[in-house]
Amino acid sequence: MTNDASLIERARFGDDDAFADLVERYQALAFRAAYLITGNAQEAEDATQEGLIRAHAALGRFRIGEPFRPWLLRIVTNAARDRKRSSNRNMRLAMKLDQFERQQPTNPSPEGEAVAAERNAAVAGLLNELPESDRIVLTYRYFLDLRVTEIAAILDVPPSTVRSRLLRARNRLRTRLETREHKPAIDRDRKRDS
Amino acid sequence: MTNHGRLSDNDLDALIRGLGEHVDYPPTPDFAVSWRSSGIQAESTMGRRSRATNLAAPETTTSEPGATQWLEPAQQGSEWRQAARLIVAGIAALVVGVLIVLVLREMRSSSPEIDRAGSSELREVFISTFSTSTGANESFSFLLVRDARSLKEVFTVEVDLGGWFTVSPDGAHIYASGDHYLSAIDSATGGTVWEKPLADRRLREFGIPGLATPAMSPDGTRLYLYSTESGFSYRIEELDAATGEPLRTSDVFDHQCNSRIYPSPDGKALYLPCHNDSVDVIDIETLQPQPPLDLEPVEVAQTVSGHALYVLSSDGEIATIDTNAQQVVARAQLLDLPAGDAFPIIAYMALSNDDATLAVALTDDVVRGPTFTYEYRLYEVGSWQEVGRVSPGSPIVAGGLTPDHTGGFLIVEQDEGAALRLDRDGLESLVYDLDDGRDANYQRTVAATIAAAAEADASCPVTPQTANQEIRERYEFGDFRTVEVADMYLNFWGTSYDGESVGYTAMMSHPNGYEEGGWYYITLQFVVPDLDRSVVVSGFRLDTAGDLRFGDSNNPASSVELWPSPGMETIGLGALRRTDARVTGSGCFGIAVQWDDNDETVVFEVVD
């Protein structure tokens, strides 16, 4: 397989097939990254398109030797953020929750299944409520499996900031989950006491 | 979940990761097919046409199944759509032109090379290595450079790192070796200067990757690469430090050594501690072994000048080697270790940067099981009198012991990277958290001076309130963007809240809406312990240019009381309280946090 650097070099000198090869290599990831921000298929598609155009136009300034993937994702991510901002639409990730609820192999009992499914649905809901910056680092890290250093390059922040955002996002999720799961127990106790 | 209903890190990770598998992604459009079929022949870099110009042409549609149609709505035959398409395409050319300018600006403003260009300043740093593992087949190693004073990250670079690393005498380069490559890294930028495969250089006896560690000649022109595979024999290779090209290779020596190389300052000899056996001496001119020194090294430390090498043996004896004379010049009993197989065992040793104090870390995990508790002992060099002894109360998995720049030592905790400072006065927690939210595993930390731009000098004045404070954060306004700073913690241990101290994080917001009448807003978030009394947060200015107030614009206050109260969002044993602080555009500010008998201050500078 031709490496990125070689394709970039060719694309810089006008070989559109080489750029298409690069697009082919990263389009799925780029589209998913955009979708995780916009939460809307059409917006994600437009943002990805726009990002690819920007990337193509900026190829001459790409520093050979640097990793291409985070560079491209950074442009696509910015395009997606711009689009989401201008559409002023709340993002909600569509989750296949019906499958979710059926797939609970580690909780064989009906009660366990219900609890796990409920928790997963809650996580999905909470994820949508996170601030954008936290949600991006969390979803890019866990859903797209990007490295911290890549996310830092994409968001143009130091890796330490990505790490602290990850930590904070995880803590927020954890706190909300625990609060959420603790509350019914308190309610139950109150009912029982009364 | 634990019995207490607390989600463990692993459970939370699994939960989030599992959720990722259930995101209902739409099918990915085939952008590549569109790109190929659009018939665009981009020009060379010097004169490439804008893709947007081509997008305006109606011929760029494609009929391939699943293909994206560039900025075109699906063809539904609607006339208004056709008209709209033409208008959109025209506007698109303009918009993309503007976007290109914006992208250019963004790239210019974010280029690390530009940020650090032109600097030949020296900066005192700590260089750590750590690895992260996110799955059975995924592990990455990193070299992390932190400013020695502020402990802020200078840069992190992902490297192939399995061996040691060394810094050139002028601080310009860091050389690191891994399983596959030997790399020279530019200290100013973190960029790779050269990278050479180790396959042909490493001593390979069984066809599997072996260990290769570099050391630098005192004049900075040569690299010496120790390589081994089995650990029972080794070879030294001399390389040109500027290019990484090999110059000479020694014979293979059948000896089991520790892989570290210590050059003599006269450039004539290399010293290799060989575990519990001897210290090998290699003549640099011939790359031939000299008579070994009869010692049983466990840990070795070299003075800053390189003239003396202190070798600690397993029986507790410390020997001093004159590296230019190539002989042992002194011996003394440093540690009174029980005979036989009784432990504690020697874990780490380091020499302070003023060559005055030797620190030894001992652990007894072999005797008492894996408690990972270390005892640190400090000795005055020369007299070898014990001048300090510290035993941490809590288990700390030390990832190493290294001299800091003040005559003391730094200990980096292995799993989360929390740092402690050790000196004759004891052990102090510097409490910085390197946890990346995954499984970062810190292996080594060394103090070094590198050729990287130093942090801007603190421009904030020193006041009685801030005499012992460094500027902990610098907030930058500009470009109407939101700047989010890394979390700061006051007396906050690692990532877990102890329920007794006050934790503090801050977030700077700077969209237009938050700028009112010359004030900028910082959202402060405190983790407040469950106290009977309130936590008092006061803001003050350190110079005449700034002011800091709390509350809304109608009722600004110089301090605010935060009361723990039922029903608040909780983290462990504490409660989250938020407040907004307003600062004027630029200046130096302090936030003092008082609770019970505690009083802590964070100083920060706002740059407009």
Side-chain angles (χ1 to χ4, degrees), chain A residues 12-14 16-17 19-20 23-24 27-28 31-32 35 41 44-45 48-49 52-54 56-61 65 75 93-97 99-100 119-120 123-124 127 133 138-139 142-143 147-149 156 158-161 163-164 166-168 170-171 173-175 177-179 181-182, chain B residues 5-7 12-13 15-20 22-26 28-32 35-36 40-45 48 50-52 55 68 70-71 96 99-100 103-104 106-107 110 132 134 140 142 152-153 156 158 191-192 434-438 482 484-487 495 505 569-571:
Chain A
R12 285 164 79 143
F13 285 93
D16 269 7
D17 278 341
F19 189 73
V23 170
E24 196 164 25
Q27 61 184 4
F31 178 70
R32 287 185 166 205
Y35 181 70
E45 183 174 337
T48 311
Q49 277 184 359
L52 293 173
I53 293 169
R54 290 191 205 181
H56 186 262
L59 265 186
R61 292 177 295 278
I75 295 173
L93 274 183
M95 299 285 179
K96 292 180 276 194
L97 290 177
Q99 293 179 22
F100 228 17
R119 186 186 300 153
N120 286 335
V123 175
L127 197 63
S133 58
L138 203 71
T139 54
Y142 287 91
F143 293 8
R147 299 169 197 168
V148 166
T149 47
D156 190 22
S160 58
T161 301
R163 285 192 285 268
S164 64
L166 266 179
L167 187 65
R168 187 176 53 207
R170 284 159 46 88
N171 282 343
L173 279 182
R174 187 205 305 273
T175 303
L177 270 177
E178 287 170 358
T179 306
E181 292 182 2
H182 184 53
Chain B
R6 175 91 177 153
L7 265 176
L12 188 64
D13 279 358
L15 202 57
I16 302 170
R17 206 173 275 281
L19 192 67
H22 292 87
V23 176
D24 196 4
Y25 294 107
T28 304
D30 199 337
F31 300 97
W35 195 272
R36 287 186 217 280
I40 297 163
Q41 294 301 312
E43 294 167 10
S44 70
T45 311
R48 184 188 293 113
S50 162
R51 169 69 66 172
L55 295 177
T68 296
W70 289 101
L71 291 187
V96 171
L99 288 175
I100 290 169
V103 169
L104 258 175
E106 185 185 356
M107 291 179 72
S110 64
T132 59
T134 55
F140 306 100
F142 299 86
K152 282 186 184 172
E153 183 174 335
T156 299
E158 187 174 348
T192 302
L434 304 180
D435 188 4
D436 72 340
R438 307 296 309 167
T482 301
E484 197 167 349
V485 299
D487 291 353
T495 57
T505 66
E569 197 174 357
T570 57
I571 289 183

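The sequence lines fix the lettering, A, B, ..., with proteins before strands; numbering per chain opens at 1.
A donor-acceptor pair under 3.5 Å links the side-chain atoms of A/Gln27 to the main chain of B/Ala32, judged by distance alone.
Between atom OH of residue A/Tyr142 and atom CD1 of residue B/Ile16 there is a gap of 5.0 Å, rounded to the nearest 0.5 Å.
Across every non-hydrogen atom of B/Pro26 and A/Phe31, the tightest pair is O-CE2, 3.5 Å.
In terms of the side-chain contact (heavy atoms from CB on, under 4.5 Å) criterion, residue partners of A/Ala20 (sequence neighbours excluded) are, by chain and number, B/Trp35, B/Arg36.
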